[in-house]
Amino acid sequence: MAKPIFQRPKGTADLLADQTALWQHVESTARLLFGDYNFSETRTPIFENFDVFSRSAGDTSDVVTKEMYDFHDKGDRHIALRPEGTAGIVRAYVENKLYGPEFDKPYKTFYIGPMFRYERPQAGRFRQFHQIGAEAFGSMSPALDVEIIAMVVDFFKTLGLKKIKVVINTLGDQSSRDAYRQALIDYLKPHVNELSSDSQTRLEQNPLRVLDSKDPRDQVFVADAPSILDYLSENSTKHWTQVQAILRALNIEFEIDATMVRGLDYYNDTIFEIMTVDDTLKGAATIAGGGRYSGLVSEFGGPETPGIGFGIGMERLLSLLKAQNLTLVPEKQLDFYVVNIGEDTDVVAMQIVQAIRSFGYVAERDYLGRSAKAQFKSADRHHSKFVVTIGDEELANQVASLKNMNTGQQQTVNLSDLYTDLPTLIESKGDK
RNA sequence: GCGGUAGUGGUGAAGUGGUUAACACACUGGUUUGUGGAUCCAGCAUACGAGGGUUCGAUCCCCUUCUACCGCCCCA
């Protein structure tokens, strides 16, 4: 923190070499696994027309009202950095007519990338963060709900995560929600003045959100509030029970939390969160959340099409991995370090490293004209398996020293052999 | 948007209203001038987040600001 002329924007992070390896590991695991479930990747723009998000997330949601990272561009277009992945995917789904008959149904896709929310950074929360998510369009089957949940669980298990739990709930269909909403209002109305001020406004705009309040004053009432599960329509009940049945059939453990709601307004029927019970992430226990939505595709001008999806918070996932010591990405190790002594060997040293690399080995050399000792120290620090040393004398004889750093044994090899037959040279000298 | 804590060199970390701001690690060089992980020696010249103020004098006091961390709200 010397005298930084520039520093990164608030709530953003520089991911450096010591972290990107782990990120790549997580991302490639996701790509591989989601591929097993026959999901393909979609990459949509990082920014969209503001309305793409406001229309989908709901005008009363916090994401829209206060967390949108938006601006007007030079053409005076109202642009927003995407706060979540679903809206862009749905927009692309409609715009590219992926509902057409030539595409499989359900249409299954995943995405990986940065999201933006204008809020105060704190534990597990940033202005630029990253999500891995997936969406599936065109099927109402409860089996698809379960497949989505199973895929997330599978993903976390593949990464080695422990102490996670699946929490599910249903919001019912429109008629269920309307009925429940009214019941909830009827129940809470008499106690309006005893609720927190936040919840008093919630009661007006989005009563379900009261259920999510952590304020003790509200929780008193939430405890005895009517349950959505008692207001489900016949269809929603059927869907809900079937989801549970299939989850059980797959031996996926889950909890039901009838007070769980979602921050975005577009969900209905099955919703779920994957949480950690690890204390280290207390403020950010939810590492993945998702659910069904039915109105989105038509909202964007497409045919009435149900969808379901989830989003995983990369940063939260990674901090959980760290908390559980699952960050063991193999350390980068050099196969060869080329030590060169004297300016005259500069060119040949370059030829040697390149030759070594052409065989597929990881190779490095010195570019600072340091002493042989210093170069060997570097080789050692990088846990290089071999060191090739070349000085004026070797150069004159067209040879080099090849040292096995584990055994300490050193031999003289012809440069021509090194260029053409390196693998054999080191085979004969033991471990590669 | 609100609240709390913090900000010393590449890193960790002492410290004080007043001459050269500890120590450790790392790094660089040296220890028979071309060979590693040990010891010892030396170096590390642009360190007290930034900007104001109080004071004879501030890294240490006050204000502002920026940033980080934590909490609220909400969420990934």
Side-chain angles (χ1 to χ4, degrees), chain A residues 1-13 57 60-67 82-86 113-133 152 196-199 201-202 206 209 212-215 218 260-264 273-276 281-290 310-320 334 337-342 345 366 368-395 400-410:
Chain A
M1 243 193 284
K3 281 166 190 159
I5 300 174
F6 293 114
Q7 44 190 176
R8 59 180 186 268
K10 193 185 189 72
T12 62
T60 63
S61 69
D62 281 341
V63 168
V64 171
T65 55
K66 59 178 212 185
E67 292 172 4
R82 62 184 188 193
E84 53 99 29
T86 303
M115 306 292 163
F116 306 82
R117 250 113 111 161
Y118 194 88
E119 52 181 353
R120 191 78 171 269
Q122 59 188 272
R125 184 169 317 179
F126 311 91
R127 287 191 172 176
Q128 175 174 341
F129 61 106
H130 302 261
Q131 284 190 342
I132 299 179
V152 185
S196 67
S197 60
D198 281 336
S199 284
T201 56
R202 287 188 188 111
N206 192 342
R209 197 87 35 78
D212 211 24
S213 173
K214 294 187 191 82
D215 194 307
D218 300 332
M260 182 170 78
V261 299
R262 307 259 67 215
L264 304 166
E273 290 187 4
I274 315 289
M275 312 179 72
T276 175
L281 270 80
K282 44 185 182 248
T286 301
I287 47 186
F310 65 82
I312 299 169
M314 269 290 267
E315 282 79 1
R316 291 184 181 184
L317 174 57
L318 287 170
S319 51
L320 191 58
L334 288 181
Y337 193 95
V338 176
V339 170
N340 75 96
I341 300 147
T345 58
D366 172 78
L368 303 174
R370 290 142 75 220
S371 68
K373 177 177 180 134
Q375 294 186 53
F376 265 85
K377 276 191 174 180
S378 289
D380 190 53
R381 194 174 335 122
H382 292 293
H383 306 111
S384 187
K385 293 168 192 151
F386 295 92
V387 169
V388 172
T389 306
I390 186 150
D392 293 332
E393 201 173 313
E394 286 90 344
L395 181 56
S401 292
L402 175 62
K403 181 171 185 175
N404 181 319
M405 293 297 275
N406 290 324
T407 64
Q409 288 180 320
Q410 183 164 296

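Numbers restart at 1 for each chain; the letters A, B, ... are given by sequence-line order, proteins then strands. Note that this is a predicted model, so its numbers are computed, not measured. Because only heavy atoms are used, hydrogens play no part in the values below, and waters and symmetry mates are left out as well, while side chains stay in.
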At 4.0 Å (heavy atoms only), tell me whether [X] reaches a base, stays on the sugar-phosphate, or touches nothing.
X        : result
A/Gln375 : nothing
A/Lys403 : base
A/Glu273 : nothing
A/Gly85  : nothing

Rounding to a whole Å, what distance do you find between [X]:[atom1] and [N]:[atom2]?
X        : N      : atom1 : atom2 : result
A/Gln409 : B/rU35 : CD    : P     : 19 Å
A/Arg370 : B/rU33 : CZ    : P     : 18 Å
A/Arg8   : B/rU67 : CZ    : C1'   : 9 Å
A/Asp366 : B/rC27 : CG    : C1'   : 14 Å
A/Ile274 : B/rC75 : CD1   : P     : 17 Å
A/Lys10  : B/rC69 : NZ    : C1'   : 11 Å
A/Asn340 : B/rG36 : CG    : C1'   : 16 Å

- prompt: Is the NZ or CZ atom of A/Arg82 both under 6.0 Å from the centre of the six-membered ring of A/Phe116 and within 45° of that ring's axis?
  reply: no

Please check if the side chain of [X] supplies one atom and the backbone of [Y] the other of a donor-acceptor pair under 3.5 Å.
X        : Y        : answer
A/Gln375 : A/Arg370 : yes
A/Arg117 : A/Gln128 : no
A/Thr407 : A/Gln409 : yes

- prompt: Which nucleotide sits closest to the side chain of A/Arg209: B/rG36, B/rC75, B/rU35?
  reply: B/rC75

task: Tell me which nucleotide among B/rG36, B/rC69, B/rU67 gets nearest to the side chain of A/Gln7.
output: B/rU67

Would you say the side chain of [X] and the base of [N] hold a donor-acceptor pair, judged only by whether the two atoms sit under 3.5 Å apart?
X        : N      : result
A/Arg316 : B/rC75 : yes
A/Lys373 : B/rU31 : yes
A/Arg117 : B/rA76 : yes
A/Glu67  : B/rG1  : no
A/Glu119 : B/rA76 : yes
A/Arg120 : B/rG3  : yes
A/Gln410 : B/rU35 : yes

message: Is it the case that atom CD in A/Gln122 sees more than 12 heavy atoms from other parts of the structure closer than 6.0 Å?
response: yes

Taking the [atom1] atom in each of [N] and [M], what is the distance between them to the nearest angstrom?
N      : M      : atom1 : value
B/rC61 : B/rG7  : P     : 10 Å
B/rU46 : B/rA58 : P     : 24 Å
B/rU31 : B/rU39 : C1'   : 10 Å
B/rC44 : B/rA22 : P     : 12 Å
B/rA14 : B/rU59 : C1'   : 13 Å
B/rG36 : B/rC27 : P     : 15 Å
B/rA38 : B/rC48 : P     : 33 Å
B/rA6  : B/rC60 : C1'   : 15 Å

- prompt: Do A/Val339 and A/Ile390 pass the side-chain contact (heavy atoms from CB on, under 4.5 Å) test, and can you show the C-alpha distance, the side-chain angles, and the key distance before you say yes or no?
  reply: CA-CA 6 Å; A/Val339 170; A/Ile390 186 150; over 6 Å; no

message: What does the 5'-to-3' dot-bracket notation of RNA chain B look like when only Watson-Crick and G-U wobble pairs under 3.5 Å count, and pairs to other strands show as |?
response: (((((((..(((.....[....))).((((.........)))).....(((((..]....))))))))))))....

- request: Taking side chain to side chain contact (heavy atoms under 4.5 Å, CB included) as the test, write out the residues that go with A/Gln410, two or more places apart.
  value: A/Ser401, A/Lys403

Contacts of type ring pair (Phe, Tyr, Trp, His ring centres under 6.0 Å), residue A/His130, not counting sequence neighbours: A/Trp23

message: Is A/Arg381 close enough to B/rC27 that one of its side-chain N or O atoms is under 4.0 Å from OP1 or OP2 there?
response: yes

message: Please confirm whether the shortest side-chain N or O distance from A/Ser371 to OP1 or OP2 of B/rG30 is below 4.0 Å.
response: yes

Side-chain touch A/Met115/A/Pro83, heavy atoms, less than 4.5 angstrom: no

